[in-house]
Protein chains: 2
Amino acid sequence: MKLITKNTDYAVRALIYISRSGKRIVPASELIDALVVPRPFLRKILQILNKKGVLKSYKGKSGGFELARAAEEISLVDLIEIFQGQFTLAECLFRRKICPNTGTCALRNSLSVVEEKVVEQLKPITVKSLASFNGR
Amino acid sequence: MKLITKNTDYAVRALIYISRSGKRIVPASELIDALVVPRPFLRKILQILNKKGVLKSYKGKSGGFELARAAEEISLVDLIEIFQGQFTLAECLFRRKICPNTGTCALRNSLSVVEEKVVEQLKPITVKSLASFNGR
DNA sequence: TAAAATGATACCATATTAGTATCATTTTGT
DNA sequence: ACAAAATGATACTAATATGGTATCATTTTA
Ligand code: FES
Ligand code: FES
């Protein structure tokens with residue numbers, strides 16, 4: 001059970017790198033060198049982040065990417081949802097095999113709570129907070 | 001992001017069925033008819049549950065499966081862990097790219113908390129509690 | 001105006017999940 | 001005794017999701 005897949009992982013690392021290098025526009029090539037991740041894969045990821053409004057891209061000679069929002073406004077949950085889809089923990093598992101068909105489902109309610117808890121815990125983990133770990 | 005996969009799903013449903021039918025031994029064929037799930041797939045699942053000590057199997061003519069533990073002692077987390085492996089949410093994502101290599105990792109700590117919360121929420125969801133939903 | 005960047009898109013590889021098929025072994029009802 | 005009815009073991013296939021490549025078009029600016 002992986003919570004975080006490679007694209008989310010790379011996205012986080014790229015965002016941290018950009019965040020640390022000030023507001024300056026960073027080209028993909030620099031990120032690829034710095035993070036040592038596969039070039040076309042990261043490029044795809046950056047394009048997605050651009051479309052989703054997490055990064056802003058600049059084409060042409062001295063182009064690249066910058067954060068479209070403040071680092072503290074980019075949470076891990078946002079990225080997980082972009083690359084791994086909504087948390088659908090509470091989605092009906094049992095296709096009405098368990099729940100009474102009349103009312104709400106106790107199981108579903110339980111799972112909704114789990115979902116909320118996860119989001120609640122992940123929300124404060126932002127690019128900002130991760131960037132300030134000042135690791136190597 | 002699926003929390004629960006098919007084998008966990010089918011396992012839960014099989015266990016609920018057995019639980020509801022008293023302490024009686026239930027053969028796989030009955031479960032297959034009742035739950036309308038693919039025969040060889042469910043058989044494999046039942047074998048795993050037997051090996052993991054969730055079910056106890058009886059070979060031969062009027063054999064089948066019974067719960068090896070009380071229904072309230074079989075939690076959804078147990079089944080998820082059997083079929084989908086340990087919750088490794090807190091596994092190192094970034095291969096020391098973020099954390100200081102000296103001490104403990106703030107990110108990892110955050111993710112550990114998430115993990116605990118999930119387990120804490122899922123633990124009280126047991127075969128017993130699910131079986132008593134008395135759905136159809 | 002060419003170099004350096006991103007955009008779009010189609011493709012391939014690998015891993016995981018889901019499901020099948022076959023045959024051996026055990027038990028028990030008659 | 002023995003055949004029927006069950007599980008055990010195991011190897012295989014199919015579908016989907018994840019991870020990664022490759023190519024070419026477009027934009028910008030030094
Ligand atoms: S049966 Fe679907 S969540 Fe209750
Ligand atoms: S760098 Fe591995 S969890 Fe902190």
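Side-chain atoms are counted along with the backbone in the values below, which use heavy atoms only and exclude waters and symmetry mates. The structure presented is a predicted model; accordingly, all values stated were derived computationally and were not measured. Order of the sequence lines fixes the chain letters, A, B, ..., with proteins taken first and strands second; residue numbering starts at 1 for each chain.
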K.L.:
Sort and list the pairs that fulfil salt bridge (Lys or Arg N to Asp or Glu O under 4.0 Å) and have at least one residue in residues 37-64 of chain B, not counting sequence neighbours.
P.N.:
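For residues 37-64 of chain B: none.
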K.L.:
List in chain and number order the residues that pass side-chain contact (heavy atoms from CB on, under 4.5 Å) with A:P38, two or more places apart in sequence or in another chain; answer none if no residue qualifies.
P.N.:
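Partners of A:P38 under the side-chain contact (heavy atoms from CB on, under 4.5 Å) test: A:Y10, A:F41.
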K.L.:
For residues 119-126 of chain B, run the donor-acceptor check on the side chains, cut-off 3.5 Å, and write out each pair with its distance to 0.1 Å, sequence neighbours left out.
P.N.:
residue	atom	partner	partner atom	Å
B:T126	OG1	B:K128	N	3.3
B:T126	OG1	B:S129	N	3.1

K.L.:
Any base atoms under 4.0 Å from A:P40, or only sugar-phosphate, or nothing? Heavy atoms, all strands.
P.N.:
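Base: the residue A:P40, judged by heavy atoms under 4.0 Å, touches a nucleobase.
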K.L.:
Knowing that exactly one of A:N7, A:I74, A:L76 qualifies, which makes a side-chain contact (heavy atoms from CB on, under 4.5 Å) with A:V12?
P.N.:
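Per the side-chain contact (heavy atoms from CB on, under 4.5 Å) rule, the option paired with A:V12 is A:L76, out of A:N7, A:I74, A:L76.
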K.L.:
Would you kindly give the CD1-to-P distance between B:I4 and C:dA18, to the nearest whole Å?
P.N.:
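That distance rounds to 12 Å.
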K.L.:
Check the distance between C:dG19's C1' and B:I32's CD1 and give it to me in whole angstrom.
P.N.:
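My rounded result for the distance is 13 Å.
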K.L.:
Only pairs at least two apart or in different chains count here, so list each ring-ring contact (aromatic ring centres under 6.0 Å, His included) that has a residue in residues 13-39 of chain A.
P.N.:
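Passing the test, one end in residues 13-39 of chain A: no pairs.
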K.L.:
Would you kindly give the CD-to-P distance between B:E30 and D:dA5, to the nearest whole Å?
P.N.:
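Nearest whole value for this atom pair: 15 Å.
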K.L.:
In whole Å, what is the span from the CD1 atom of B:I25 to the C1' atom of C:dT27?
P.N.:
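Rounded to the whole Å, the gap is 12 Å.
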K.L.:
With the sugar-phosphate defined as primed atoms, P, OP1 and OP2, and the base as all remaining atoms, what B/S/- string results for nucleotides 4-9 of chain C, 5' to 3', for protein heavy atoms under 4.0 Å?
P.N.:
BBBBB-
K.L.:
Strictly by salt bridge (Lys or Arg N to Asp or Glu O under 4.0 Å), give each pair with a member in residues 66-83 of chain A just once, sequence neighbours left out.
P.N.:
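Pairs touching residues 66-83 of chain A that pass the test: A:K23-A:E66, A:R69-A:D78.
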K.L.:
Can you check whether B:Y10 has a side-chain N or O nearer than 4.0 Å to OP1 or OP2 of C:dA18?
P.N.:
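Looking at the OP1 and OP2 atoms of C:dA18, neither is under 4.0 Å from any side-chain N or O of B:Y10.
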K.L.:
Just N and O in the side chain of B:K6: are any of them under 4.0 Å from OP1 or OP2 of D:dA15?
P.N.:
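Checking D:dA15 against B:K6, no side-chain N or O comes under 4.0 Å of OP1 or OP2.
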K.L.:
CZ of A:F83 versus P of D:dT18: gap in Å, rounded?
P.N.:
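In whole Å, D:dT18 P lies 13 Å from A:F83 CZ.
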K.L.:
Nearest whole angstrom, please: distance from the C1' of C:dA15 to the CD of A:Q84.
P.N.:
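It works out to 15 Å between those atoms.
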